[in-house]
Structures are given as C-alpha cells and as structure tokens.
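Structure first, then comments.
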2 protein chains.
Amino acid sequence: MLKSADKSEVLKLGNQLCFPLYACAKEVIKIYRKPLEKIGLTYTQYIVLMVLWEYGAMSEKSLGEKIYLDSGTLTPVLKKLEKSGFVRRERLKADERVLQISLTENGSKLKEKAVDIPQVLDGCIHLTYDEMITMKKLLNKALEGTKERNKND
Amino acid sequence: MLKSADKSEVLKLGNQLCFPLYACAKEVIKIYRKPLEKIGLTYTQYIVLMVLWEYGAMSEKSLGEKIYLDSGTLTPVLKKLEKSGFVRRERLKADERVLQISLTENGSKLKEKAVDIPQVLDGCIHLTYDEMITMKKLLNKALEGTKERNKND
DNA sequence: ATTTAACAAATTGCACACAATTTAATTGTA
DNA sequence: TACAATTAAATTGTGTGCAATTTGTTAAAT
C-alpha cells in the first residue's frame, strides 16, 4: 500500500507505462508515413496488406481479429484498398454474410516494394538489436493479456 | 545482408516491432476508456491533465511538445476541457500569440479521482513488475530517438 | 415451416491525429 | 519606422478508431 504522497507519483507521465506506449506508437507510425506514401499506402492499409501477404485471402472478420480492428474501422479501409486496386471484396457464395478479402495482382506485387519499409526504423530508433527483440517480446506478451480483457467489449 | 527469401520474412506481423507497438497501444487505451469515462474524460484529455497536474500551467505549445501533439489536435481537445470546466484558456498579456493553459479548481480536484486509474492495467496486462519497468525504459529510450527524427516534419 | 437467435458487415456519431494552410501577433532587419 | 521573417494557434481536409445501432443472412429452436 502506498502513502498518499506516493500515490500521486503514479500520475506522472514518466512513471506511466501507457504514455510512452501511446506516444511511441504514434511516433513510429509517423516515421512510416512518408515511405508508405511513396507506394500509395496509409499505415492501416499497410497493416492490412501485411496480413494478406502472409496468410492469403480471408474474411473481413478474421482480418479484423488479427489486427485488432472492428468493421467500423475496417470497412472503409478495405473499400479504399479496393478502389486503389490492391484487394478484392467478394461475398462468399456459401455464406453471403461473410466478405472475403483477397489480393489482386497489383496488391501481391506491392509486397516487393514494401520489403524495404521496415528498415526506416533502423536509423531513428536508438535501440540495440537485443533491445528491439526484448521490446517485441514484451509487447506481444502484453498484447496476449489484453486480448482476453477486451474480448467482451 | 539477407537473402531474398529471408527478406520477405521481415513483413510478417510477428517479426515487426511496429505492429505489436501499434496494437498494444490501442488495446491499452481501450482498457483505460471505461474508468476514464466515469470521471468524464477521454484518453487524450487525461494525458493533457496529467501534464498540468505534474507541471502546472503552460502554453499550448509546451503542452503539445510534452505529449507529441500539434495544435491541430490539441486546440479542439483543450476547448472541450474548457467547456467541461477543467482548464482555463487565456492569452498571455505579454505575448498575445501564446495561449496559457491552466487548471481550474475542478480540474485540480479531479486528480484525486484519477490516481486509481493506472491500476486498471494490473489485472489485464500479464507482465511482471520487472517486465513493466523494462518495457517502460525501452519505450522511453525509443521515444528519445524518434524525437529528433520527427522534429522537422 | 415459422419464429427466434446469432452472426457478419455496414452505418452513424463522436473524438482524435496529422499535414498543410491561414490568421494574428511579435521580432529582426534594412 | 516599415517590412519581411518568425512564431503560436486556429482552421481545413483526410483518415482512422471505436461504441452503438442497423441491415441482411444463416442457423437453431419450437
């Protein structure tokens, strides 16, 4: 149990976990913005395509589960990717409720232009390789925990 | 140098640092949402108040630098906080360009209701205390690096 | 077979987030 | 002193992000 004076310490930015997490995510996305713009993608569109490049076609719902986005966000993003000519959106004949998302020829080819994108972090994130590995592991472990928590929202 | 086959490995979600960072930040903010709603705040408003609770009154610009937000985002957020009665927005007499942001009585008092908020993570982030400390350190170190990078955008 | 429940997307409304531009005030300089 | 450059906020336009609701389809129960 903390004393009252210590308790208010937790509200300092520097003592919070949530703040550097929030700020760091934003800054990293900002670094990705320019190189992504060159190949015609936003960050969210890039995340969507990474899933399709790795796993192939899947429903909007499955896609949303992988990247923690619901249809409210995903539907307009997918419509834009369709308009850009990178994905197809088709109802499954077997079940008209589900929208199957698949890569077009151009969407598949875009992967080759995207392989160099992750390197943009190398110059500007001042972490050693080991530190990056550690951070990735911890973030993934934390994500696992939140998955259960936010499931029933 | 990686071979071509290995190169495409970097685009897998599990191999990226940026994806768990992006997803984890969103999930953590989602956890904060409900308890914050109870005291009448959004996450961004909470971040703003944390700065004011810790450092006291300051200009919109200084505030924005601390939390990595520009006036485009901050101006409407501060107007809402003013409407809620938690902050004052006043032009400095010495320099009418700068908008001084200060806490109202209610804004100051809100801190006592907010001290319990950070604990919401305890139950749902499955990290040990040491892991949280490590993660916080690494995130802050990474943030330092990005600061220089995104300065001239 | 009809009704009900469950499900997947889409829609709506609100709140960021940020690049780019504009507005208003101040500073620096010829 | 004028006037250009700089600065701080505000504004504009686009793109998420999410809770809540709606729409359309399928499965389950009576």
Side-chain angles (χ1 to χ4, degrees), chain A residues 22-34 36-37 40-48 58-65 67-84 87 89-101 146 149-153, chain B residues 22-34 36-37 40-48 58-65 67-84 87 89-101 146 149-153:
Chain A
Y22 155 83
C24 197
K26 281 194 309 169
E27 292 302 296
V28 166
I29 289 172
K30 213 180 286 185
I31 291 169
Y32 273 76
R33 190 155 312 183
K34 274 185 192 170
L36 281 175
E37 200 177 354
L41 293 177
T42 63
Y43 185 75
T44 314
Q45 291 172 0
Y46 168 67
I47 297 292
V48 167
M58 67 179 73
S59 70
E60 176 171 334
K61 179 164 173 57
S62 304
L63 194 48
E65 280 167 357
I67 60 182
Y68 302 84
L69 288 176
D70 71 358
S71 68
T73 303
L74 216 37
T75 296
V77 170
L78 292 173
K79 283 182 177 174
K80 274 168 215 157
L81 278 173
E82 184 184 44
K83 192 177 272 184
S84 300
V87 308
R89 299 165 63 249
E90 306 164 298
R91 296 282 168 181
L92 272 192
K93 289 206 182 65
D95 186 341
E96 293 275 354
R97 286 172 303 185
V98 337
L99 194 69
Q100 185 79 351
I101 313 298
T146 64
R149 188 32 153 58
N150 284 146
K151 204 164 30 182
N152 303 324
D153 280 3
Chain B
Y22 156 83
C24 198
K26 282 194 308 169
E27 292 301 296
V28 165
I29 290 172
K30 213 181 286 185
I31 291 169
Y32 273 76
R33 190 156 298 150
K34 274 184 192 171
L36 282 174
E37 200 178 354
L41 294 177
T42 64
Y43 185 76
T44 314
Q45 291 171 2
Y46 168 67
I47 297 292
V48 167
M58 67 179 71
S59 69
E60 176 171 333
K61 177 163 175 58
S62 305
L63 193 48
E65 279 168 357
I67 59 182
Y68 302 84
L69 289 176
D70 69 0
S71 68
T73 304
L74 216 37
T75 297
V77 170
L78 291 172
K79 283 182 177 174
K80 273 168 216 159
L81 278 172
E82 184 183 45
K83 192 176 274 186
S84 300
V87 309
R89 299 165 62 249
E90 305 163 300
R91 296 280 168 184
L92 273 192
K93 289 207 182 64
D95 187 341
E96 295 273 354
R97 286 172 304 184
V98 339
L99 193 69
Q100 184 80 351
I101 313 297
T146 64
R149 188 35 153 58
N150 285 146
K151 205 165 29 183
N152 302 325
D153 280 3

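Each chain gets a letter, A, B and so on, in the order its sequence line appears, and its residues count up from 1.
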Between protein and nucleotides 2-7 of chain D, what N or O pairs are separated by less than 3.5 Å?
from: dT7(D); atom 1: O2; to: Arg97(B); atom 2: NH1; distance (Å): 3.2

Establish, with yes or no, whether the OP1 or OP2 oxygen of dT11(D) is under 4.0 angstrom from a side-chain nitrogen or oxygen of Lys79(B). yes
Could you work out, with salt bridge (Lys or Arg N to Asp or Glu O under 4.0 Å) as the rule, every residue matching Arg89(A), not counting sequence neighbours? Glu82(A)
Starting from Watson-Crick (N1-N3 plus N6-O4 or O6-N4) and G-U wobble pairs under 3.5 Å, report the runs of at least three that DNA chain D belongs to. C:1-30 with D:1-30
Pick base, sugar-phosphate or nothing for Gln100(B), based on heavy-atom distances below 4.0 Å to the nucleic acid. nothing
Using a cut-off of 4.0 Å on non-hydrogen atoms, how would the nucleic acid contact of Asp95(B) be classed: base, sugar-phosphate, or nothing? sugar-phosphate
Name the residue closer to the 5' end of DNA chain D, choosing between Arg33(B) and Ser71(B) according to the nucleotide with the nearest heavy atom. Ser71(B)
Below the 4.0 Å mark, does dG17(D) have OP1 or OP2 next to a side-chain nitrogen or oxygen of Tyr22(B)? yes
Under a 4.0 Å threshold between the charged nitrogen and the carboxylate oxygen, would Arg33(B) count as salt-bridged to Glu37(B)? no
Would you classify Glu37(B) as touching base, sugar-phosphate or nothing, given that sugar-phosphate means primed atoms plus P, OP1 and OP2, and contacts are heavy atoms under 4.0 Å? nothing
With a 4.0 Å cutoff (strictly under), does any side-chain N or O of Arg91(A) reach OP1 or OP2 of dT26(D)? no
Check the side chains of Glu60(B) and Thr75(B) for a donor-acceptor pair under 3.5 angstrom, ignoring hydrogens and angles. yes
Is the phosphate of dC16(C) approached by Thr73(B) (side-chain N or O, under 4.0 Å from OP1 or OP2)? no
Would you tell me if any nitrogen or oxygen in the side chain of Lys80(A) comes within less than 4.0 Å of OP1 or OP2 on dT16(D)? yes
Is it the case that dA9(C) (base atoms only) and Thr75(A) (side chain only) share a donor and an acceptor within less than 3.5 Å, ignoring hydrogens and angles? no
